[in-house]
Amino acid sequence: MIKQHPFLYSSDKLSLLSSLQVQGKAGYRFQNWAQTYSSCPEKYFQPSSVEDVRQILAMARQSSKRVKVVGGGHSPSDIACTDEFMISLDKMNRVLEVNKEERRVTVEAGIFLCDLNEELTKHGLALSNLGAVAEVAAAGVIGTGTHNTGIDHGILPTQVVSLSLMTAVGEVLHCSDSVNQDIFQAARLHLGSLGVILSLTYQCQPAFRLHERQFPSTLTEVSLSGLIGKMAFVLLLSGCLEMLSFPFTKFQFNNIKGKLR
C-alpha cells in the first residue's frame, strides 16, 4: 500500500504516477441518464480489480484530487459530476458467490441489476424489490437510497446484509450488522462519501412472477367511487401500488402489482 509522505517531492510524485498500472482517460464527458447534468473529469478510470482501485486512490492522494464513483448515472441530481477524478466500476461486474441455502448473492459493486436478475433466475432466486429501472449498478442503487413500492418492503439498501469498501487510504473494510456496524449502516446509503464500495451481499428470496394491472382515472373518479379505500385493501393483498398524478391536470395513472400464488 502506498502511503502519502509529508515530504514527498515533485520528482517522487512523478515517479509514483509513472509506476502505476492503471491509466485514466482524458477528454471523457459524463452525462446522467436524464441528460440534465454533465461534467468532464480530468481523468476517467475503469478499474477491473481491487488493486486497480487502490492504485487510483493512491494517484488521487499524491495529486490532491477528489474522486467520484459513478454507476448507471440514473440519479436525477449532479451527485456524480466532477472535474477531477471519476471512477466507473463497470468492469467490476462479476457474481462472486450464490448461496442458495441462505438465499444470498455476493456481487462486485459494478454489476447492473438487470444482469444480476438474469443470473439469479438461473438459481431460482430473485431480489425482493426493484426500482423503476434495472440498468443501475449494485453499489450505486443503494448509495442514492433507491426505492420502489410495497407495504412490506424497505428501500433497496435494506436488502444488503454485508459489503466491503475501500477507504481513501486504500484500506479495505468488511462491514455487516456484526462487523463495523456503524460504518455498515452509513455505507448502505453512502452517497459516495465513505469510500469505494467493492462488493455487496444481497438477501434474496425464491423467484416469483408478478401480475400487473394498469388503468387510468381522474382524481375525482378515485375519490367518489371509493377506489382509494379499495386500493388500500388491494395494497394489503398485493403488496405493490402506484398512483401517478400528472401536475396541473385531473388525470392520474394507477398501477397494481401482485405476486402470482
Side-chain angles (χ1 to χ4, degrees), residues 1-6 8 10 12-33 36-94 107-112 136-146 157 160 163-175 180 182-184 186-200:
M1 182 175 68
I2 303 173
K3 294 184 177 180
Q4 185 176 14
H5 193 281
L8 191 65
S10 297
D12 296 321
K13 289 185 179 182
L14 292 174
S15 176
L16 169 64
L17 296 180
S18 64
S19 68
L20 294 174
Q21 300 301 311
V22 185
Q23 299 299 317
K25 181 193 301 182
Y28 177 82
R29 181 172 182 266
F30 165 78
Q31 190 170 50
N32 71 338
W33 178 82
T36 51
Y37 293 100
S38 64
S39 66
C40 296
E42 179 181 330
K43 292 286 186 180
Y44 176 74
F45 299 90
Q46 293 174 289
S48 57
S49 69
V50 173
E51 186 55 36
D52 285 351
V53 176
R54 182 176 282 113
Q55 289 190 15
I56 295 167
L57 295 185
M59 184 189 304
R61 292 199 308 276
Q62 301 303 333
S63 304
S64 300
K65 300 294 183 181
R66 293 179 180 270
V67 179
K68 285 289 188 76
V69 183
V70 63
H74 273 271
S75 174
S77 73
D78 63 348
I79 190 171
C81 293
T82 182
D83 58 2
E84 298 188 50
F85 283 7
M86 177 178 285
I87 295 177
S88 170
L89 297 177
D90 57 355
K91 292 186 178 180
M92 296 179 65
N93 59 358
R94 296 177 299 159
V107 298
E108 288 185 311
I111 191 171
F112 274 24
V136 288
V141 78
I142 70 165
T144 52
T146 299
V160 176
L163 57 83
S164 66
L165 64 86
M166 183 176 292
T167 67
V169 296
E171 180 185 6
V172 175
L173 300 178
H174 299 282
C175 309
N180 294 316
D182 291 343
I183 296 176
F184 175 60
R188 288 202 295 179
L189 212 165
H190 54 79
L191 296 176
S193 62
L194 293 179
V196 181
I197 304 294
L198 302 173
S199 65
L200 312 89

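With values rounded to the nearest 0.5 angstrom, Ile87 atom CD1 is found 5.0 Å from Leu57 atom CG. Residue Asp52 holds its CG atom at 11.0 Å from CD of Gln46, rounded to the nearest 0.5 Å. Within the model, atoms OG1 of Thr167 and CG of Leu173 stand 6.0 Å from one another, a figure rounded to the nearest 0.5 Å. Distance CZ/Arg54 to CG/Leu198: 8.5 Å, rounded to 0.5 Å. If you take CE on Met86 and CZ on Arg29, they are separated by 11.5 Å, rounding to the nearest 0.5 Å. Note that OG of Ser164 is 11.5 Å distant from CG of Asn180, once rounded to the nearest 0.5 Å.
Between Val196 and Leu89 there is a side-chain heavy-atom pair separated by less than 4.5 Å. Side-chain contact between Leu163 and Arg188 is present, with at least one heavy-atom pair separated by less than 4.5 Å.
For Ala137 against Gly110, the heavy-atom pair with the smallest separation is CB-O, 4.2 Å. In terms of heavy atoms, Ala187 sits closest to Ile142 at O-CD1, 3.9 Å. For the pair Pro41 and Phe30, the tightest heavy-atom approach, listed with the atom from each and the gap, is CD-N, 4.5 Å. Closest heavy-atom contact between Val160 and Phe184: O-CZ, 3.4 Å. Minimum interatomic distance between Ile79 and Lys68 (heavy atoms only, all atoms of both residues): O-NZ, 2.8 Å. Considering all non-hydrogen atoms of both residues, Thr144 and Leu191 come closest at CA-CD2, 4.3 Å.
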Go through the steps to decide whether Leu165 and His190 satisfy the test side-chain contact (heavy atoms from CB on, under 4.5 Å), and finish with yes or no. CA-CA 11 Å; Leu165 64 86; His190 54 79; over 6 Å; no
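Partner of Lys65 under the side-chain contact (heavy atoms from CB on, under 4.5 Å) criterion, chosen from Glu84, Lys43, Met59: Glu84.
Looking only at distances, no side-chain donor or acceptor of Asp78 sits under 3.5 Å from a matching main-chain atom of Tyr37.
Counted by atom type alone, Ser39 and Thr82 present zero donor-acceptor pairs between their side chains at under 3.5 Å.
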